[in-house]
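See below for the structure under consideration.
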Amino acid sequence: MTDVLPIVAPERTRAILKAHGFRLKKRLGQNFLTVPKVLARIVTAAQLTEADDVIEIGPGIGALTEFLAGSAGRVLAIEIDPQLLPVLADTMAPYDNVQVVEGDVLKLDLPALVEEKLPGSTRLKVVANLPYYITTPILMHLLQSDLPLAGLTVMMQKEVADRLTARPSTKDYGSLSIAVQQNMHVAVAFDVSRKSFVPAPNVDSAIVTLTRRAQPLAEVTDQESFDKLVRGGFAARRKTLWNNLINLYGKTDAVKEKISLALQDCNIEASTRAETLDIPAFAALSNALFARDVR
Ligand code: SAM
């Protein structure tokens with residue numbers, strides 16, 4: 001840390017924004033953190049050591065980046081807003097372990113970027129206060145990339161955190177819960193009040209930690225079929241699983257017969273609703289449908 005005020009101190013934040021004539025952009029989800037205690041807790045939740053290299057998505061003016069720089073080995077910060085680049089050049093000047101890259105995280109080839117900017121990285125983590133308008137696309141982009149991520153510690157709107165951690169037979173349980181929990185341990189580390197940001201978003205937030213499971217929760221024969229079943233099973237939440245399945249795979253007698261047999265294979269009632277099935281049940285049904293050539 002430097003001997004000047006942290007970036008996040010309100011008087012310094014204001015001075016930085018004023019010096020650069022920077023105006024916050026709502027459409028880019030620019031809600032900047034202003035509470036040092038919250039930043040310190042994020043870094044603690046991420047369990048960073050100097051052996052960790054960190055990808056930060058959306059550094060803003062560098063409030064979290066500064067805390068990451070003090071705790072991790074190297075920090076690679078990806079920011080979409082070109083007007084923040086001169087601000088970050090200024091605020092990150094004291095830190096020689098921070099690299100800032102301008103770009104849209106959803107469009108970047110992250111493994112190639114990491115190879116270029118963080119050569120020899122042995123442990124990679126994502127720590128970020130995510131832009132809320134694209135929380136789910138960013139999570140899916142990260143989890144489906146070939147990045148060897150040891151863990152993610154990310155701020156998101158409480159409502160998405162609830163969906164990520166939801167258990168079967170709850171209103172928040174759905175395709176996102178399953179897609180993520182199949183491969184990751186997910187937990188809410190702590191809640192964050194909307195008052196901790198400038199400007200305050202109109203939702204409360206939570207810090208969520210995601211760590212990769214040694215093995216997927218349930219064995220799946222064909223990932224594409226599993227993903228299709230999970231999405232299709234929840235396509236119309238009020239409908240029975242049977243109705244969602246015939247809408248998904250077809251309404252011919254031959255297909256209906258195979259779906260019926262696959263459900264019997266797994267001891268699942270046709271009248272059940274997708275939200276009551278846990279991940280192993282979804283996997284078993286996906287495997288049974290795949291074995292009967294229903295794709
Ligand atoms: N890290 C800062 C903090 O905690 O105060 C800012 C977080 S703010 C919630 C989200 C940041 O993500 C903004 O700086 C915004 O410009 C940036 N951003 C928005 N969309 C992005 C994208 N597609 N790729 C990279 N950064 C993005």
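Each ligand, and each atom within it, is numbered from 1 in the order the structure gives.
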Would you check, one step at a time, whether the test side chain to side chain donor-acceptor pair (under 3.5 Å) holds for K25 with Q83? CA-CA 10 Å; K25 298 179 190 72; Q83 289 178 352; 2.7 Å; yes
D53/R123 ion pair, N-O < 4.0 Å: no
T276-Y173 side chain donor-acceptor pair, cut-off 3.5 Å: no
Any side-chain donor near an acceptor of the partner, Q157 and S205, under 3.5 Å: no
Give the cluster check for V100 versus L17: same hydrophobic cluster or not, with ILVMFWY residues linked at side-chain heavy-atom distances below 4.5 Å. yes
Contact between L106 and ligand 1, counting heavy atoms under 4.0 Å? no
Could you tell me the residue and atom name of the protein heavy atom closest to atom 19 (C) of ligand 1, and the distance to it rounded to 0.1 Å? L28 O, 3.1 Å
Please determine if A63 has a nitrogen or oxygen closer than 3.5 Å to a nitrogen or oxygen of ligand 1. no
Partner of E224 under side chain to side chain contact (heavy atoms under 4.5 Å, CB included), chosen from D227, D222, V220: D222
So does R163 pair up with D172, basic N to acidic O under 4.0 Å? no
Which of the listed options, V105, V198, V87, holds the heavy atom that is closest to atom 24 (N) of ligand 1? V105
Nearest non-hydrogen atom to atom 13 (C) of ligand 1 belongs to which of M155, H141, Q30, R27? Q30
Among V75, L39, V54, exactly one meets side chain to side chain contact (heavy atoms under 4.5 Å, CB included) together with L64. Which residue is that? L39
Quick one: does L130 get within less than 4.0 Å of ligand 1, heavy atoms only? yes
Got the closest protein heavy atom to atom 2 (C) of ligand 1, with its distance? P59 O, 3.3 Å
Counting from 1, what ligand 1 atoms have a heavy atom of D104 closer than 4.0 Å? 22 (C), 23 (N), 24 (N)
Should we say atom CD of E102 is surrounded by more than 12 heavy atoms from elsewhere, each under 6.0 Å from it? yes
For Y133 and ligand 1, answer yes if some heavy atom of the residue is under 4.0 Å from a ligand atom, otherwise no. yes
Under 4.0 Å to a heavy atom of I78 - the qualifying atoms of ligand 1, by number: 25 (C), 26 (N)
Quick one: is the NZ or CZ of R295 closer than 6.0 Å to the six-membered ring centre of F290, and within 45° of its axis? yes
As an exercise, identify every atom of ligand 1 less than 4.0 angstrom from a heavy atom of G103. 24 (N), 25 (C)
Tell me whether L33 has any N or O atom under 3.5 angstrom from an N or O of ligand 1. yes
Minimum-distance protein heavy atom relative to atom 21 (C) of ligand 1: I80 CG2, 3.5 Å
Suppose I only count heavy atoms of G29 and a 4.0 Å limit; which atoms of ligand 1 are within that range? 8 (S), 9 (C), 10 (C)
So, 4.0 Å and heavy atoms of E56: is ligand 1 close enough to count as a contact? yes
Mind checking whether A128 has a heavy atom under 4.0 Å from ligand 1? no
Cluster question for you: counting only ILVMFWY and a side-chain heavy-atom cut-off of under 4.5 Å, with indirect links fine, are Y132 and L164 together? no
Heavy atom of the protein closest to atom 12 (O) of ligand 1 (residue, atom name, distance): G58 CA, 3.2 Å
Which protein heavy atom lies closest to atom 14 (O) of ligand 1, and at what distance to 0.1 Å? E79 OE1, 2.7 Å
Counting non-hydrogen protein atoms only, what is the nearest one to atom 3 (C) of ligand 1? Give residue, atom name and distance. N129 ND2, 3.4 Å
Just by distance, do the side chain of S286 and the backbone of F282 share a donor-acceptor pair under 3.5 Å? no
Considering the heavy atoms of L84, write down every atom of ligand 1 situated less than 4.0 Å from one of them. 14 (O)
